[in-house]
Amino acid sequence: MTAPVSILHEDNTGTHARIRNDFPALHQRVNGKRLVYLDSAATAFKPRCVIEAVRDVWERDCANIHRGVHTLSQRATQRYEDARVKIGRFIGTDDRRELVFVRGATEAINLVAHSYALPRLGLGDEIVITGLEHHANIVPWQVVRDRTGATLKVVPVSISGEVALSAVEQQLSSKTKIVALAHVSNALGTILRVKEIVNRAHALGAVVLVDGAQAVPHLPVNVMDLGCDFYVFSGHKLYGPDGTGVLFARRELLESMVPYQTGGDMILSVTFEKTLYNELPARFEAGTPNISGAVGLAAAIDFISDVGLEWIFRHEQLLLKFAQEKLSKIEGLRFIGTASDKVGVISFVLEGVHAHDIGTILDAEGIAIRTGHHCAQPVVERMGVAATARASLGMYNDESDIVALAEGIQRVKQMLG
Amino acid sequence: MSDLRDLYQDLILDHGRHPRNFHVPDGCNFHADGYNPLCGDKISVYLKCEADSVLDAGIQGAGCAICMASASTMTEIVKGQKKSEVERLYVTFTDWIVRSSIVKEGELPSKLAAFAGVREFPMRVKCATLAWHTLKAALDGQEVATSEKE
């Protein structure tokens, strides 16, 4: 191949150049080299508008929310609640009561495990997860299993990293009470057929929790269309602040759930004899929340909406194909996770070279990737490897990043191969 | 960052690619498994000890170049040593790698000098110490070890 053909040939509007310009962290040198950031599945960089929104809250509307009659408190409360409405609409609900702010996807899953599952499940009940889950969608269910006597069943993953509907069906039964699955695999990038799985689970009376941490930054998500009961994601992977996240829960389920944490803001009245809990969603938001974070996350969603998730999806898919083509020419490189439907997550191993050595040598070239088991040890082991190197894409990546990665891998081979 | 060549010295590359004593020695009577779950390095250390001496040492497992080279050189170094000397080497080496403590001439075998570059790569320190922690665990009669905390 000669010079890389621009995959953005249809993008004559300069959208991509504008996007790159909006992410300050992209424009730095690391170890003397241009930074090539290919670790957005771990955390995404923040556009300038997010950084400014967070700063603006602290510079102008710095006050606690839902209390205090003063102007700043009112402004902060307004911005926090506006953020909730915006984020709700972003994933397809107009009901602000169905959106609970949390620290991240991990906390959201723990909340559902604690407040929905623990009081309901018992001996004979079953929880179904898939074999490609992140530890955050495994361990909370093991805790529920151990405390309630329920059984935890795991849908096997194919060697290409896919979850077949028939494999899901085999694990589902009238005993299934909860199905918890990733929308997109963090280690492999596989997009799961969530809607079909929800239909099958609902037909048997089970509720479905979808871990959307790796989905919302890359594809349009609509919880009404998916039909799921719970949908969770983290703000920091969505170009927003860390320490933010969202639990979407169908209102009637949320109404019926016991509080997760207790304290201020989640109450209507407290005496030493009795406490009345607050309305939704405040009932699930004890204590002062991450106010600036929620506002920053809303700013991230504005940014994403301006670019358009359709544009982002198409751009990342083209880039993924370009990367697959480019890297497949490297002798000794094997892709881990080759599902036909996947986002821009490229997991690979290099013959005779451990992932950590790949990571260190690429870092010296200014290239940031993730190495290891990606907090999804079972699926990495299922793929027959101890660790992988993972390059993951964000909207700001382009062909030059992939070319640099391919050259970096050649350097790894020169040194260690 | 230091030069990559300081990290991947020839001795490390050689031992990383071709680890020595990669087997379970005959008459092995001490054993422990080392595991760094965050990076996936897994090293098992096997010792044949008699009275107060390590007569033979072997390893099994898989890991990065630093981890394998450290395990490989370790087996060569501890073979035939008194247990007390092996313990001293363990303390001196891990202190030197983790805390960059001053080591006087002759306190560590020259082979280990190849690992000096690891000290400049904080994320890789635990790769160099895993085998040694596993060796210590084997001598102490523990079954598992990790160097994740470094």
Side-chain angles (χ1 to χ4, degrees), chain A residues 28-33 35 39 42 134-135 138-139 187 332 336 347-390 408-417, chain B residues 1-19 22 33-44 59-72 97 114-131 134 146-148 150:
Chain A
Q28 58 179 306
R29 297 184 82 75
V30 169
N31 299 318
K33 305 282 169 58
L35 169 65
D39 199 17
H134 187 283
H135 295 164
I138 300 173
V139 185
I336 303 296
S347 249
F348 62 92
V349 292
L350 207 52
E351 199 181 330
V353 184
H354 191 275
H356 263 64
D357 296 315
I358 300 175
T360 294
I361 296 171
L362 290 181
D363 180 56
E365 300 289 317
I367 304 167
I369 61 158
R370 171 104 187 247
T371 62
H373 56 50
H374 320 298
C375 296
Q377 212 174 331
V379 72
V380 172
E381 279 174 16
R382 161 71 184 99
M383 295 294 135
V385 291
T388 78
R390 182 190 70 181
I409 296 171
Q410 293 294 0
R411 173 122 173 82
V412 173
K413 287 183 65 176
Q414 275 167 19
M415 281 199 78
L416 299 184
Chain B
M1 171 185 289
S2 303
D3 193 84
L4 270 186
R5 272 287 160 204
D6 292 343
L7 180 64
Y8 294 109
Q9 296 197 17
D10 288 342
L11 181 133
I12 289 182
L13 293 178
D14 175 33
H15 279 260
R17 280 193 201 110
H18 312 289
F22 196 77
D33 297 319
Y35 184 33
N36 279 345
L38 290 179
C39 56
D41 287 343
K42 265 183 187 168
I43 286 290
S44 296
I59 47 162
Q60 296 268 272
C64 65
I66 311 294
C67 173
M68 295 311 289
S70 169
S72 170
I97 287 282
F115 293 91
V118 177
R119 296 174 304 170
E120 304 299 321
F121 292 79
M123 307 300 285
R124 306 303 299 277
V125 160
K126 63 183 179 180
C127 308
T129 58
L130 179 62
T134 312
T146 182
S147 60
E148 240 10 297
E150 285 162 0

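Within 6.0 Å of atom CD in A/E351, 12 or fewer heavy atoms from other residues, nucleotides or ligands are found, so the atom counts as exposed in its surroundings.
Judged by distance alone, the side chain of B/S72 and the main-chain N or O of B/M68 form no donor-acceptor pair under 3.5 Å. Under the 3.5 Å distance criterion, the side-chain polar atoms of A/T360 are matched with a main-chain donor or acceptor of A/H356. Between the A/N31 side chain and the A/K33 main chain, no donor and acceptor come within less than 3.5 Å of each other. The backbone N or O of A/G32 lies less than 3.5 Å from a partner atom in the side chain of A/R29, making a donor-acceptor pair.
In this structure, chain A has a heavy atom under 4.5 Å from the side chain of B/L7, while its backbone stays farther away. Interface residue B/A65: backbone and side-chain heavy atoms are both found under 4.5 Å from chain A.
Chosen from B/C64, B/G40, B/P37, the residue pairing most often with chain A at heavy-atom distances under 4.5 Å is B/C64.
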_Apply ring-ring contact (aromatic ring centres under 6.0 Å, His included) to residues A/H135 and A/H373 and explain how you reach the verdict._
CA-CA 10 Å; A/H135 295 164; A/H373 56 50; 5.5 Å; yes

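Using modelled atom types, one finds a donor on one side chain and an acceptor on the other under 3.5 Å when comparing B/N36 with B/S147.
Identified by a heavy-atom distance below 4.5 Å to chain A, the contributing residues of residues 11-19 of chain B are B/L13, B/R17, in residue-number order.
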